[in-house]
There are 2 protein chains.
Amino acid sequence: MEKQTVTIYDVAREAAVSMATVSRVVNGNPNVKPATRKKVLAVIERLDYRPNAVARGLASKRSTTVGVIIPDVTNIYFASLARGIDDIAMMYKYNIILTNSDDAGEQEVNVLNTLMAKQVDGVIFMGNHIDDKLRAEFKRAKAPVVLAGTVDPQGDTPSVNIDYAAAVEESVTNLIQRGHKKIALALGPLSQSINAEYRLTGYKRALNKAKLPYDDKLIYEAGYSYDAGTKLQPVIADSGATAVFVGDDEMAAGIINASIESGVSVPDDLEVITSNDTIVTQITRPSITSITQPLYDIGAVAMRMLTKLMNDKELDEKTVTLPYGIARRASTKSAE
Amino acid sequence: MEKQTVTIYDVAREAAVSMATVSRVVNGNPNVKPATRKKVLAVIERLDYRPNAVARGLASKRSTTVGVIIPDVTNIYFASLARGIDDIAMMYKYNIILTNSDDAGEQEVNVLNTLMAKQVDGVIFMGNHIDDKLRAEFKRAKAPVVLAGTVDPQGDTPSVNIDYAAAVEESVTNLIQRGHKKIALALGPLSQSINAEYRLTGYKRALNKAKLPYDDKLIYEAGYSYDAGTKLQPVIADSGATAVFVGDDEMAAGIINASIESGVSVPDDLEVITSNDTIVTQITRPSITSITQPLYDIGAVAMRMLTKLMNDKELDEKTVTLPYGIARRASTKSAE
DNA sequence: TATTTTCATGAAAGCGATTTCAATTGCTTT
DNA sequence: AAAGCAATTGAAATCGCTTTCATGAAAATA
């Protein structure tokens with residue numbers, strides 16, 4: 001007992017009009033006499049007709065679907081962007097095909113290709129690193145691509161971000177002003193440009209301005225996880241650093257908990273500032289001072305840009321930089 | 001300079017074969033002479049032909065896309081399920097259209113309908129409550145639906161869950177065995193059957209077995225959030241409860257932090273057990289004893305079931321119950 | 001009233017694949 | 001060498017909708 005599907009043809013026949021007319025009323029085309037529209041609408045209602053989006057997509061060459069490439073949905077940072085993306089997409093009647101890439105270059109390219117095969121009207125890409133391969137794929141794709149929370153140092157692709165370098169610079173400068181001389185920097189993989197080219201740059205700029213020496217022994221590369229933080233803590237403690245800027249909230253939580261459990265007081269012996277202002281920063285004790293980012297908005301703005309591109313409109317600015325803030329919590333001392 | 005798309009027709013012409021043959025080689029149909037296959041493959045390569053999934057979907061009536069309805073991607077619990085779903089989907093060459101429903105009945109119905117319009121081959125639904133309206137929509141949908149981490153007391157729709165009632169019963173029994181007489185229960189909305197019909201039932205069963213009186217003043221209904229927890233804590237403290245079972249990890253974290261800040265020691269004055277074993281349970285101090293659930297697997301198994309249904313196979317069991325565990329951490333005392 | 005314009009509508013050609021069915025080809029088997 | 005079969009292949013219909021173009025009807029202009 002396969003369920004019978006009602007097609008536009010059935011509606012046309014029942015309403016004694018042509019398919020073209022039915023199509024017009026379904027799509028809100030004004031060139032239909034009110035009486036006709038009403039008649040067609042009644043039949044649609046009666047037959048419970050639902051337009052087939054696939055057929056529509058084939059005929060119109062627009063799928064009203066956008067692809068979203070995300071490293072991992074379970075990562076709260078990216079999930080927050082995804083939420084902003086989906087809300088705006090829904091507002092504009094688009095749906096989201098969401099795929100996890102695990103940040104793996106090869107997978108990212110694959111996924112992008114299957115999305116293009118599905119005829120998505122556009123793509124929002126989130127990831128930690130854009131390499132040449134990917135950049136080339138973006139270029140050959142026939143649908144527009146926008147980066148969300150993702151930096152491309154070459155700036156070829158439209159993107160929405162905060163100024164990571166400035167945020168780190170400001171955070172580290174704060175630490176310096178409170179008298180710290182040895183400030184550690186705990187980041188994710190330096191192969192990712194957000195770390196190597198933005199956060200590190202901000203860090204160096206802060207040191208430079210204060211005429212503090214740069215010591216690469218204070219730069220730590222670890223995973224984006226709680227456990228990575230707990231493992232890293234003794235190393236940081238040994239370095240003699242009295243403050244640390246951390247690139248990931250869970251990592252920061254690990255560092256804090258491990259510090260306290262090993263008798264290192266936070267913030268007295270070690271001040272900690274982290275990057276993403278997730279709920280984690282409020283749950284730890286002490287709570288963690290953090291850069292704040294408008295996560296939802298980064299996604300939302302990226303999606304808005306994409307809708308423009310999908311409608312062949314010009315972008316006001318190709319690279320959007322949203323404002324960041326710094327939420328002071330208990331893992332840092334108050335300014336003097 | 002619109003990018004020119006290569007169609008199956010172009011390949012057929014260049015390879016001097018029919019579209020049917022090209023279609024066969026693309027789809028791995030064995031009825032093609034090896035030499036022909038090779039020739040076609042070469043042309044495909046040369047022209048960089050990519051089959052149009054929309055056209056394919058229209059012709060074959062299968063979109064190789066499944067819809068996923070999720071309350072909120074930023075909720076780590078559901079996001080974990082989603083990850084399991086996507087991984088298995090990818091394994092079976094399906095893509096995921098992901099939409100947030102905010103647990104709102106009307107929105108859920110809307111979303112389900114747009115998914116059906118997009119001709120998804122199946123749907124995985126996650127939510128906190130299934131009402132009659134939704135149940136009716138599932139029934140009239142022409143694609144199969146599977147519930148993941150979502151209970152339907154009527155059991156009409158295939159689903160994957162743990163035994164929530166048993167898990168709560170076991171947790172509460174543990175508390176009782178350690179001598180607690182007044183055990184609070186902090187849940188999300190009681191309008192949701194997971195709370196009203198499962199967790200509450202488990203709680204009552206534990207009390208019953210121990211011949212402890214049931215007091216509905218010890219049942220608290222709050223939001224699934226950290227702040228809801230901090231607000232709830234003084235109320236629980238006033239009740240005289242010496243232990244609490246909490247339905248959400250962030251809420252539990254809020255209760256714990258607020259307790260400690262108001263001088264209530266955890267676990268000495270208040271033992272806490274929570275439900276979802278997210279990273280939050282490891283970050284708080286004390287860390288939180290929790291029911292453990294195979295979140296990823298719940299999603300993965302649900303997707304596996306869905307693939308069977310989409311291929312008209314019979315399900316071994318319609319209602320799958322995966323095993324849970326209890327991770328003992330510092331918010332409870334050790335057994336005596 | 002005759003002539004333009006504007007409106008509403010329908011016919012039919014795609015969109016880019018899959019799939020059925022018939023035709024052809026190439027081997028085997030007598 | 002003729003007949004029989006299986007393996008390949010192609011022609012053409014179809015999927016359900018959009019969209020162009022032509023046409024007839026109605027309204028506006030002269």
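Treat the numbers as computed from the prediction; the structure is a model and nothing was measured. Chain identifiers are assigned alphabetically (A, B, ...) following the order of the sequence lines, protein sequences preceding nucleic acid strands; residue numbering begins at 1 within each chain. Side-chain atoms are counted along with the backbone in the values below, which use heavy atoms only and exclude waters and symmetry mates.
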- Can you find a pair of side-chain heavy atoms, one from A/Asp132 and one from A/Gln154, that are under 4.5 Å apart? yes
- Item | Separation of atom CD in B/Gln119 from atom P in D/dG16, rounded to whole Å | 9 Å
- For B/Val17 and for A/Arg56, locate the closest nucleotide of DNA chain D by heavy-atom distance; then report the residue assigned to the nucleotide nearer the 5' terminus. B/Val17
- Starting at atom CZ of A/Arg13, determine the distance to atom P of C/dT9, rounded to an integer number of angstrom. 20 Å
- Can you list the steps and then say if A/Lys139 with A/Thr157 is a side-chain hydrogen bond (donor to acceptor under 3.5 Å, both in side chains)? CA-CA 9 Å; A/Lys139 204 155 286 169; A/Thr157 312; over 6 Å; no
- Query: Is the A/Phe138 to A/Phe125 ring centre distance short of 6.0 Å?
  - Reply: yes
- Message: With a 3.5 Å cut-off and heavy atoms only, can you find an N or O donor on one side and an acceptor on the other between the side chain of B/Arg50 and the base of C/dG16?
- Response: no
- Message: Without decimals, in angstroms, what is the distance between B/Asn31 CG and C/dC21 P?
- Response: 15 Å
- Item | Pair B/Lys61 + B/Asp121: basic N to acidic O under 4.0 Å | no
- Item | Spacing of A/Ile44 atom CD1 relative to D/dC17 atom P, expressed in whole Å | 10 Å
- Which is true for B/Val32 with a 4.0 Å heavy-atom rule: it touches a base, it touches only sugar-phosphate, or it touches nothing? sugar-phosphate
- Task: State whether B/Thr7 places a side-chain N or O below 4.0 Å from either non-bridging phosphate oxygen (OP1 or OP2) of C/dG16.
- Result: no
- Tightest non-hydrogen contact, residues A/Val123 and A/Val120, listed as CG2-CG2, 3.8 Å
- Query: Within the structure, does a side-chain N or O atom of B/Asn27 lie under 4.0 Å from either OP1 or OP2 of C/dT18?
  - Reply: yes
- Query: What's the OH-P distance between B/Tyr9 and D/dT14, to the nearest Å?
  - Reply: 21 Å
- Task: Just call it for A/Ala12: base, sugar-phosphate, or nothing, with non-hydrogen atoms closer than 4.0 Å on any strand.
- Result: nothing
- note: B/Arg24, atom CZ; C/dT18, atom C1'; distance rounded to Å ~ 10 Å
- Select base, sugar-phosphate, or nothing to describe what A/Asn52 touches, counting heavy atoms under 4.0 Å on all strands. sugar-phosphate
- Message: Whole angstroms only, please: what is the CZ-C1' distance between A/Arg62 and C/dG16?
- Response: 18 Å
- Item | Comparing B/Lys33 and B/Leu58 on DNA chain C - which has the more 5′ nearest nucleotide | B/Leu58
- Message: Distance check needed: D/dT14 P versus A/Ile8 CD1, whole Å only.
- Response: 18 Å
- For B/Ser23, report the nucleic acid contact type (base, sugar-phosphate, nothing); a contact means any heavy atom under 4.0 Å. base
- Short side-chain N/O contact to D/dC17 OP1/OP2 from A/Tyr49, under 4.0 Å: yes
- Starting at the 5' end of DNA chain D, which residue's closest nucleotide do you reach first, B/Pro30 or B/Lys61? B/Pro30
- Item | Nearest non-hydrogen partners of B/Met90 and A/Thr99, listed with the distance | CE-CG2, 4.1 Å
- Does a nitrogen or oxygen in the side chain of A/Thr21 sit under 4.0 Å from OP1 or OP2 of C/dT9? no
- Query: Closer than 4.0 Å, any side-chain N/O of B/Ser60 to the OP1 or OP2 of D/dC15?
  - Reply: no
- Task: Go through D/dG16, C/dA8, C/dA17 for me and flag the one nearest to the B/Met19 side chain.
- Result: C/dA17
